[in-house]
**Q** 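Submitted below is the structure of interest, expressed as structure tokens.
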Number of protein chains: 2
Amino acid sequence: MKLSLRGEYALRALLVLGACYGQEVVRIQSISQQQNIPKRFLEQILNDLKAGGIVESRRGISGGYRLARRPEEITLAAVIRHMEGALAPVSCVSDRFYEKCSCPDESRCAIRSVMKEVRDAVVAITERTTVADLCARSRILNAVPAPSLDYMI
Amino acid sequence: MKLSLRGEYALRALLVLGACYGQEVVRIQSISQQQNIPKRFLEQILNDLKAGGIVESRRGISGGYRLARRPEEITLAAVIRHMEGALAPVSCVSDRFYEKCSCPDESRCAIRSVMKEVRDAVVAITERTTVADLCARSRILNAVPAPSLDYMI
DNA sequence: TTATACTCGACTATGTCAATTGAGATTGAT
DNA sequence: ATCAATCTCAATTGACATAGTCGAGTATAA
């Protein structure tokens with residue numbers, strides 16, 4: 001029931017690119033430092049996001065990456081599906097990555113029906129949350145002092 | 001975002017044991033055939049469920065397995081947590097399997113806050129669904145003709 | 001006492017994850 | 001034209017997980 005590091009890094013990189021949307025292109029180096037992600041690994045991930053049409057790049061000395069679409073148009077579901085595959089916990093309840101399972105009768109499988117609920121819940125959240133939402137949340141979280149630390153004048 | 005086959009097999013085995021609750025003990029052989037699970041692999045899984053206090057066994061010629069508690073007391077969350085670990089998509093939002101992540105500031109991480117929503121949704125569903133619910137659903141699904149096939153007299 | 005279960009540990013083949021490495025192609029500035 | 005910074009692309013690696021398999025052993029009812 002887990003997201004790989006690869007997928008998590010992709011989201012973190014998109015958070016940075018979302019925050020810089022409309023401005024210049026952002027270098028891998030810069031994302032790598034801000035988000036604490038191994039540079040050569042991030043390279044691979046951004047390339048993959050590019051192949052998926054989620055980001056675009058410019059090469060050469062003033063090169064870098066930017067979002068290929070508006071942040072409001074990029075859902076977490078789309079990103080995770082592209083990087084990881086199915087959102088569903090078992091592929092017999094996945095819409096786009098469906099695979100038949102080994103159970104005796106899929107259409108009457110009780111486990112399947114519960115997993116469908118889980119899938120729907122996950123899809124609902126990740127489909128309605130966009131990179132723009134992520135950026136907005138980030139701004140709010142950073143406008144306020146760190147939650148767990150009290151402070152006095 | 002996926003359940004392993006191991007975890008799925010565990011749930012399917014528990015569905016069988018739940019349906020036979022109160023009756024005699026059930027042999028691995030029988031579960032293996034009903035649910036189409038490799039016998040020697042299932043052996044391992046049932047042993048693991050036993051170590052987790054979820055099932056109990058009797059050895060010898062009329063041996064087999066049964067649930068260690070009432071079906072209403074065994075939640076899917078407990079089973080999955082025992083077999084697979086965290087329900088959360090990233091371990092920095094897991095209650096019982098928490099691990100620090102590499103992002104610059106966990107307390108202000110926007111991704112974390114979305115992943116917390118996902119976690120809560122998954123936990124809510126798996127925590128309220130028990131083996132007894134699974135069995136009840138199964139009875140309903142099997143009392144009715146297969147959903148996708150029309151039939152005539 | 002014996003056949004039929006469960007028990008336990010080791011073993012294996014395959015695949016995935018998380019990188020690392022190296023060579024190449026573009027681009028802007030000088 | 002040259003150079004340096006940047007993206008691009010393919011291959012490789014080591015560690016670990018997954019999905020089994022195998023064999024010898026132990027308990028128990030008939």
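We use all heavy atoms of the structure for the numbers below, so side chains are in, but hydrogens, waters and symmetry mates are not. In the text below, chain A, chain B and the rest are named by the order of the sequence lines, each starting its count at 1.
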**Q** Apply the test side chain to side chain contact (heavy atoms under 4.5 Å, CB included) to residues B:Ser138 and B:Leu15: give CA-CA distance (whole Å), side-chain angles for both, the deciding distance (0.1 Å), then the verdict.
**A** CA-CA 9 Å; B:Ser138 193; B:Leu15 181 57; 4.2 Å; yes
**Q** Would you check, one step at a time, whether the test side chain to side chain contact (heavy atoms under 4.5 Å, CB included) holds for A:Arg40 with A:Ile28?
**A** CA-CA 9 Å; A:Arg40 297 302 303 267; A:Ile28 289 184; over 6 Å; no
**Q** With a 4.0 Å heavy-atom cut-off, tell me which residues in residues 83-90 of chain A come close to DNA chain D, sorted by residue number.
**A**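 Output list: empty, so none.
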**Q** What residues, two or more places apart in sequence or in another chain, satisfy side-chain hydrogen bond (donor to acceptor under 3.5 Å, both in side chains) together with B:Glu106?
**A**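 Checked B:Glu106 against side-chain hydrogen bond (donor to acceptor under 3.5 Å, both in side chains); matches are B:Tyr98.
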**Q** Is it the case that B:Ser113 and B:Glu117 place a side-chain donor and acceptor less than 3.5 Å from each other?
**A**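 On atom types as modelled, these side chains do not qualify, holding no pair under 3.5 Å.
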**Q** May I have the step-by-step check of side chain to side chain contact (heavy atoms under 4.5 Å, CB included) for A:Arg58 and A:Glu24, ending in yes or no?
**A** CA-CA 10 Å; A:Arg58 194 164 68 201; A:Glu24 262 315 283; 3.1 Å; yes
**Q** Sequence neighbours left out, what passes side-chain hydrogen bond (donor to acceptor under 3.5 Å, both in side chains) with B:Lys2? Give chain and number order.
**A**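 With neighbours one apart ignored, the set is A:Ser91.
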**Q** Assess the residue pair B:Arg6 and B:Asp48 against the criterion (side chain to side chain contact (heavy atoms under 4.5 Å, CB included)); give the C-alpha distance rounded to whole Å, side-chain angles, the decisive distance to 0.1 Å, and a yes or no.
**A** CA-CA 10 Å; B:Arg6 202 180 152 71; B:Asp48 194 351; 2.6 Å; yes
**Q** Locate the shortest heavy-atom distance separating A:Arg12 from A:Asn36; write the atom from each residue and the value.
**A**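 That would be NH2-O, 3.9 Å.
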**Q** Has A:Arg66 got more than 12 heavy atoms of other residues, nucleotides or ligands less than 6.0 Å from its CZ?
**A**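 Open: at most 12 neighbouring heavy atoms sit under 6.0 Å from CZ of A:Arg66.
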**Q** The criterion is side-chain contact (heavy atoms from CB on, under 4.5 Å); which residues satisfy it with B:Thr129, sequence neighbours excluded?
**A**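 Checked B:Thr129 against side-chain contact (heavy atoms from CB on, under 4.5 Å); matches are A:Val114, B:Leu76, B:Ile125, B:Asp133, B:Leu134.
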**Q** Heavy atoms under 4.0 Å is the rule here; annotate nucleotides 2-12 of chain C 5' to 3' with B where the base is hit, S where only the sugar-phosphate is, and - elsewhere.
**A** --BBSBB-B--
**Q** Name the first nucleotide and the last nucleotide along DNA chain D (5' to 3') that come under 4.0 Å of a heavy atom in chain B.
**A**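 Range of nucleotides within reach of chain B: D:dA19 to D:dA29.
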**Q** Which whole-number value in Å describes the distance from A:Tyr9 OH to C:dC17 P?
**A**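 For the pair A:Tyr9 OH and C:dC17 P, the rounded distance is 14 Å.
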